[in-house]
Amino acid sequence: MCRHLAYLGPAVPLSRLLTEAPHSLRHQSYAPADMRRGGRINADGFGVGWYPDRVEPVRDAAACDAAACDAAAGGPVAVRYRRGVPMWADANLDMIATTVRSGAILAAVRNATVGMPILETAAAPFHEGRWLFSHNGAVTGWPESMTKLAERLPTRDLLTLDAPTDAALLWALLRHRLRAGAPLPDAIAETVVDVDLAAPGSRLNLLITDGAQIAATTAGHALSVRRTDGYVLVSSEPLDDGPGWHAVDEGKLVVATPLGVDITDWGAA
């Protein structure tokens, strides 16, 4: 299983989450605490996305579906750094992580499902405009189980997938809803419901941010949330033993901002 996290709050160095915390994402890449049915380490690539400008709430989120519209509406546009090597093997990461600061961050380390390629483009976060996305899990019956859902997508989207993986297709399905104007929580919940019906037993722990809010699902793996001191952090595993971490139950949809956390059943979408 992969590990991922998302942060919203005052600007911090990327290193605060990636390398400095006692159980940072880099630590989770080689010593994860909870790898259910998913190997022992997360060494098949990693990535981090952030927003270089001060993050403000998107004024018309339903109307914006690409980078050009983001710029016109004043919404944040994300940037991304990802590699197809273990996080601990990247000689450039420490310099980048200590230099770059942001108030909105999404990062992931990858444990590839058997049979899926190990490529830089297969590593999360997947990205378009203001959206950053990660998947922790696996789709059962891949790829046959997903053929009907894939038929809903424009041919161009299928031809331009980042990688021939379940995560890349999940991103395409979710992005298709977002481009059509679906709010972030609705888009992620509806995608999980559809995939769960098509491929029962899939592990569909999805995580997405638009720089203003975080949405995540629990379906087959753990997730924890901490909201305190003006920030919110959603993570596969707590980054330390400090207070304020709350485990999210199975089958839940989390919608989080520094102002509050809402947890409901994604099956109610």
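Keep in mind that what you see is a predicted model, and the values were worked out from it rather than measured.
- Here the side chain of Asn111 pairs a donor or acceptor atom with the backbone of Ile41 at under 3.5 angstrom.
- Other residues, nucleotides and ligands place more than 12 heavy atoms under 6.0 Å from the CG atom of Asn92.
- Considering only residues two or more places apart in sequence or on other chains, Trp142 meets the side chain to side chain donor-acceptor pair (under 3.5 Å) condition with none of them.
- For the atom pair OG (Ser24) and CG (Leu17), the distance works out to 9.0 Å, reported to the nearest 0.5 Å.
- Side-chain atoms of Thr19 do not come within 3.5 Å of backbone N or O of Asp94 as any donor-acceptor pair.
- The side chain to side chain donor-acceptor pair (under 3.5 Å) check on Ser134 picks up His4, with sequence neighbours excluded.
- Distance check: Asp166 CG to Met116 CE gives 3.5 Å after rounding to the nearest 0.5 Å.
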Practice task
Determine, step by step, whether Asp157 and Arg179 satisfy the side chain to side chain contact (heavy atoms under 4.5 Å, CB included) criterion, reporting the C-alpha distance in whole Å, the side-chain angles of both residues, the deciding distance to 0.1 Å, and the verdict.
Solution key: CA-CA 12 Å; Asp157 286 3; Arg179 287 173 173 174; 3.1 Å; yes

Practice task
Please lay out, stage by stage, how His27 and Glu237 fare under the test side chain to side chain contact (heavy atoms under 4.5 Å, CB included).
Solution key: CA-CA 11 Å; His27 190 264; Glu237 300 180 8; over 6 Å; no

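- To the nearest 0.5 Å, atoms CD1 (Ile208) and NE2 (His135) are separated by 13.5 Å.
- The backbone N or O of Ala212 sits less than 3.5 Å from a side-chain atom of Asp210, completing a donor-acceptor pair.
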Problem - Gln213/Thr257 under side chain to side chain donor-acceptor pair (under 3.5 Å): CA gap, chis, key distance, verdict - result: CA-CA 5 Å; Gln213 63 179 332; Thr257 75; over 6 Å; no

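- Leu173 and Leu158 fall within a single hydrophobic cluster, where Ile, Leu, Val, Met, Phe, Trp and Tyr are joined by side-chain heavy atoms under 4.5 Å apart, directly or via other members.
- At least one side-chain heavy atom of Val139 sits under 4.5 Å from a side-chain heavy atom of Leu204.
- Rounded to the nearest 0.5 angstrom, Leu5 CG and Thr209 OG1 are separated by 11.5 Å.
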Exercise for the section: Report the C-alpha separation of Leu184 and Leu178 in whole Å, then their side-chain angles, then the decisive distance to 0.1 Å, and conclude whether the side chain to side chain contact (heavy atoms under 4.5 Å, CB included) test is met. Expected result: CA-CA 7 Å; Leu184 209 67; Leu178 293 169; 3.7 Å; yes

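- Trp171 CH2 to Thr165 OG1: the interatomic distance, rounded to the nearest 0.5 Å, is 13.0 Å.
- When Thr191, Val254, Asp196, Ile188 are each tested for a side-chain contact (heavy atoms from CB on, under 4.5 Å) with Trp266, only one passes: Asp196.
- The side-chain tip of Arg82 points at the ring of Phe126 from less than 6.0 angstrom away and within 45° of straight on.
- A side-chain donor-acceptor contact under 3.5 Å links Tyr51 to the backbone of Gly211.
- When atom types are taken as modelled, the side chain of Gln28 and the backbone of Ala33 share no donor-acceptor pair closer than 3.5 angstrom.
- Asn136 contributes atom CG, which lies 9.0 Å from atom CG of Leu223 (distance to the nearest 0.5 angstrom).
- A donor-acceptor pair under 3.5 Å links the side-chain atoms of Thr121 to the main chain of Asp162, judged by distance alone.
- Checked by atom type and distance alone, the side chain of Arg101 pairs as donor or acceptor with a backbone atom of Ala11 at under 3.5 Å.
- Counting heavy atoms from C-beta outward, Leu18 and Arg26 have side chains that stay 4.5 Å or more apart.
- Considering only heavy atoms from C-beta on, Asn42 comes within 4.5 Å of Pro32 through its side chain.
- For Asp90, the side chain to side chain donor-acceptor pair (under 3.5 Å) partners are Tyr81, Arg83, not counting sequence neighbours.
- Side-chain N or O atoms of Ser224 include none that pairs as donor or acceptor with a backbone N or O of Ser235 at under 3.5 Å.
- Looking at Thr217, its side chain does come within 3.5 Å of a backbone N or O of Leu206 through a donor-acceptor pair.
- Counting only distance, with no hydrogens or angles, the side chain of Thr218 and the backbone of Gly251 share a donor-acceptor pair below 3.5 Å.
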Problem - side chain to side chain contact (heavy atoms under 4.5 Å, CB included) assessment of Trp245 paired with Leu233 - result: CA-CA 9 Å; Trp245 288 102; Leu233 179 57; 3.5 Å; yes

